[in-house]
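What follows is one structure encoded as structure tokens, with my remarks underneath.
First the proteins, then the strands, lettered A, B, ... as listed; each starts at 1.
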Protein chains: 2
Amino acid sequence: MERVTMADVANKANVSKSTVSQYINNRFEYMSLETKKRIECAIDELNYQPNIIARSLKQKKTYTIGVIVANILHTFSTQVIRAIEDECQLKNVNVIVCNADDQPSKERKYIETLRAKQVDGLIIFPTGGNLDLYKKLEKSGYPLVFVDRSVENTDITSVLLDNEKASFLAVDHLVKKGYRNIAFLTTSIEMNITPRIERMNGFKKALQKHNLPLLEQFCAGEQIHKMQEKIHFMFSQDEVPDAIICGNDLTLLEVLKFCRKKSLIIPTDIALVSIDEVSFSEIYNPPITVVTQPSYEIGTYAAKQLLKKADDHEKTEETIIRFEPQLVERSST
Amino acid sequence: MERVTMADVANKANVSKSTVSQYINNRFEYMSLETKKRIECAIDELNYQPNIIARSLKQKKTYTIGVIVANILHTFSTQVIRAIEDECQLKNVNVIVCNADDQPSKERKYIETLRAKQVDGLIIFPTGGNLDLYKKLEKSGYPLVFVDRSVENTDITSVLLDNEKASFLAVDHLVKKGYRNIAFLTTSIEMNITPRIERMNGFKKALQKHNLPLLEQFCAGEQIHKMQEKIHFMFSQDEVPDAIICGNDLTLLEVLKFCRKKSLIIPTDIALVSIDEVSFSEIYNPPITVVTQPSYEIGTYAAKQLLKKADDHEKTEETIIRFEPQLVERSST
DNA sequence: CTGTTAGCGCCTTCAC
DNA sequence: GTGAAGGCGCTAACAG
């Protein structure tokens, strides 16, 4: 175990702890070359490594941030996390990632323990279930950034996709391709989760714009484990969809599962466009048309915002930042 | 910002800091109900949260472990990490995940900064490039567990797949199905990375067992960005493979890309089995036959081992633990 | 049952 | 140029 402390180094080098401290922090200005060398030697003879915990206690900074993601199963989440980690790496800060598993209670627990661990700030994909806590953090000036979802009645910086536009892109594309019975399907909208709601609204508006009727059974949010049933229902009505917009990657998976089960040919029997990229979209048979989010940019931006807040503790002006979605046409439409 | 400290609580409740400390640590045995209540009130009036950093400094324990993964792009890595996180959550320890990106220098840096942050132990998917460091950690008794890969000349607990068996399962299956020109392809074997080497050796032994000849160009390790070329070469010889075993998920992706480009029909033109599960194996057209690792069990086991070591600091007896692979037959063979 | 007293390992004035 | 001293917030004997 690491036992060697600054005092040991000081002893060995015949200087005081403070001098060693200076050395560690690269304050060489007033240090004689000779003592510098002695300290250097002592350090690597003893194989000394500063204890960052102790430093953190003093400096009230841990060079660690926390990320609490609502549901890590989404490809989008993992991509954003990757971007955050890369950005933080550049600034030499570590990242602790926690998965709230869509449960506000877990989220709350994580927020509390991460704060207790004195992380310098938090990036949260909010479940939406802890408004009081969010507000308390906001009021106390704690560095905080929301990603993917926003929370009403707060001014917390939120980095989001232009979700309505994502739906517009999908609908416009399908209409142009000649599809008219377009359905929209996504995961549960019970918790009023921003992207799902906004994408659904966007879908409805886009239909209007194209003077297409909105059939109730063609627009749904449903829990994953009831999704098959829902799709089945969609296809058992008089009017059957000729295209489905999947509100996110998990929905796409379910729809593909259904197509396979029913031997539906894509895009002949049914066209598909997914909002959110998936790992296999290019190599799937057929390759899947997709509306992508710039997830890497979103993550990088969020991290930069947070690190800035953590640094100078001044509020940023903007509170909601929207990124542009983009349609990638492949062969499923 | 959180300013309130134990002293504040002590003041407010008219007790000493130590009493508050007792309270925080649930040592109520000798505490009068009345002071207990007073402290309780003070705490939530002030909205006090203990500073875990300070506690860590004292206790020399951070309730945080580090995971350094050689390459986070592998599905296997992410699954193991998920398992580790779940296991640690149960024990209330946090996890810091770092991606070494296959670079020993990055790995070294992460090991050092995580140690400096006093994490209670490290789970490493070793790049293999830091033998001296591994040995130093081992000698100092620092809690350490290797996953996925082992390192020669160390006795560090390593949690691995029975890789040779994985190849045997794949070959046996293909032979039974009537394939005879079986090829094996994986990512670069320059760094002697355990699973790649072992799977390749297993492949060779399995061919022998079935009295099948080993064609040199049918057994290769190649860097991802040169993989297309390599596959192309394989298919441009006199003898062409009728089945390919992909040594890992990234290889599978490349092979699928190739099949798509060349419009090869699976399994008619070429049969495919992948060692390592992928997210889309069930919904792909056709669904992909796979040899899976019990990645969740592997992660859980590794985490348990590490937490045990971190707790009682005694060495575990076993050093290499092998888990059993399993063949999942689908339609690509 | 509760308070006093020392640190944990480091950083930071401020003397010298 | 360097050292002494105090303190970050908490825990852990040990008194009382």
Side-chain angles (χ1 to χ4, degrees), chain A residues 1-40 42-43 46-64 112-120, chain B residues 1-40 42-43 46-64 112-120:
Chain A
M1 301 303 303
E2 204 70 27
R3 320 250 77 224
V4 24
T5 153
M6 210 158 86
D8 300 329
V9 178
N11 270 337
K12 181 135 202 150
N14 259 310
V15 294
S16 78
K17 287 197 299 174
S18 12
T19 309
V20 178
S21 176
Q22 308 253 53
Y23 177 91
I24 294 296
N25 294 290
N26 295 308
R27 307 201 54 73
F28 301 127
E29 292 133 45
Y30 305 118
M31 194 176 300
S32 74
L33 223 157
E34 208 233 328
T35 53
K36 186 173 160 184
K37 287 226 155 148
R38 281 218 312 279
I39 295 176
E40 204 169 313
I43 284 182
L46 295 174
N47 191 14
Y48 166 72
Q49 270 195 309
N51 180 331
I52 294 193
I53 289 291
R55 172 189 297 173
S56 295
L57 179 59
K58 187 74 190 178
Q59 295 186 158
K60 298 168 182 309
K61 247 182 158 284
T62 53
Y63 305 96
T64 305
E112 279 165 356
T113 81
L114 287 178
R115 290 231 49 204
K117 284 206 176 169
Q118 314 295 114
V119 299
D120 299 335
Chain B
M1 302 303 304
E2 204 69 28
R3 320 252 75 223
V4 23
T5 154
M6 210 160 83
D8 301 329
V9 178
N11 271 337
K12 182 136 201 148
N14 258 312
V15 294
S16 79
K17 285 197 302 174
S18 14
T19 310
V20 178
S21 176
Q22 310 252 53
Y23 176 91
I24 293 295
N25 294 288
N26 293 308
R27 306 202 53 73
F28 300 128
E29 292 132 45
Y30 306 117
M31 195 176 299
S32 76
L33 223 157
E34 208 233 328
T35 53
K36 184 173 159 182
K37 289 225 154 145
R38 280 217 312 280
I39 295 176
E40 204 169 314
I43 283 182
L46 295 174
N47 190 13
Y48 166 72
Q49 270 194 311
N51 180 332
I52 294 192
I53 289 289
R55 173 189 294 173
S56 295
L57 180 58
K58 186 74 190 179
Q59 294 187 157
K60 298 168 181 307
K61 247 182 157 286
T62 52
Y63 305 96
T64 306
E112 279 165 356
T113 82
L114 287 177
R115 291 233 48 206
K117 283 205 176 168
Q118 314 297 114
V119 298
D120 298 336

For atom CG of N25(A) and atom C1' of dT12(C), their distance in whole Å:
10 Å
Checking dC11(C), dC10(D), dT2(C) against the side chain of T5(B) (C-beta onward), the nearest is dC10(D)
L46(B) atom CG is separated from dG9(D) atom P, nearest whole Å, by 14 Å
Go through the steps to decide whether T19(B) and I39(B) satisfy the test side chain to side chain contact (heavy atoms under 4.5 Å, CB included), and finish with yes or no.
CA-CA 9 Å; T19(B) 310; I39(B) 295 176; 3.9 Å; yes
Between the protein and nucleotides 4-8 of chain D, which nitrogen or oxygen pairs are less than 3.5 angstrom apart?
unit_1 : atom_1 : unit_2 : atom_2 : d
dA4(D) : N7     : S18(A) : OG     : 3.4
dA4(D) : N6     : S18(A) : OG     : 2.9
dG6(D) : N2     : K58(A) : NZ     : 3.4
dG7(D) : N2     : K58(A) : NZ     : 3.0
dG7(D) : N3     : K58(A) : NZ     : 3.1
dC8(D) : O3'    : K60(A) : NZ     : 3.1

Show your reasoning for whether side chain to side chain contact (heavy atoms under 4.5 Å, CB included) applies to K117(B) and T62(B).
CA-CA 8 Å; K117(B) 283 205 176 168; T62(B) 52; over 6 Å; no
Could you list the protein-to-nucleotides 14-16 of chain D atom pairs, N/O on both sides, closer than 3.5 Å?
none

Holding to salt bridge (Lys or Arg N to Asp or Glu O under 4.0 Å), I want the full list of residues that pass it with K17(A), two or more places apart in sequence or in another chain.
none
Nearest 0.5 Å, please: how far is CG in N11(A) from CG in N14(A)?
8.0 Å
With a non-hydrogen cut-off below 4.0 angstrom, is M6(B) in contact with a base, only sugar-phosphate, or nothing?
base
N or O in side chain of Y48(B) less than 4.0 angstrom from dC10(D) OP1/OP2
yes
Nearest-Å distance, CZ (R27(A)) to P (dT2(D))?
14 Å
How would you list, by chain and number, every residue that makes a salt bridge (Lys or Arg N to Asp or Glu O under 4.0 Å) with K36(A), sequence neighbours excluded?
none
Q59(A) side chain: which of dT12(C), dG3(C), dT11(D) is closest?
dT12(C)
Distance from Q49(A) atom CD to T5(A) atom OG1, nearest 0.5 Å?
13.0 Å
Figure out the CG/C1' separation between N11(A) and dG3(D), and round it to whole Å.
13 Å
Would you say S56(B) places a side-chain N or O within less than 4.0 Å of OP1 or OP2 belonging to dC10(D)?
no
Counting only side-chain heavy atoms from C-beta out, which of dC10(C), dT11(D), dT2(C) sits nearest to P50(A)?
dC10(C)
The salt bridge (Lys or Arg N to Asp or Glu O under 4.0 Å) partners of K12(B) (sequence neighbours excluded) come to E45(B)
Are OP1 or OP2 of dC8(C) and a side-chain N or O of N51(A) less than 4.0 angstrom apart?
no
Verify the contact: side-chain N or O of S21(A) to OP1 or OP2 of dC11(C), cut-off strictly under 4.0 Å; return yes or no.
yes
Kindly indicate, with the supporting measurements, whether the criterion side chain to side chain contact (heavy atoms under 4.5 Å, CB included) is fulfilled by Y23(A) and I43(A).
CA-CA 10 Å; Y23(A) 177 91; I43(A) 284 182; 3.5 Å; yes
Among residues at least two apart in sequence or on other chains, which ones pass side-chain contact (heavy atoms from CB on, under 4.5 Å) with T35(A)?
V15(A), M31(A), S32(A), R38(A)
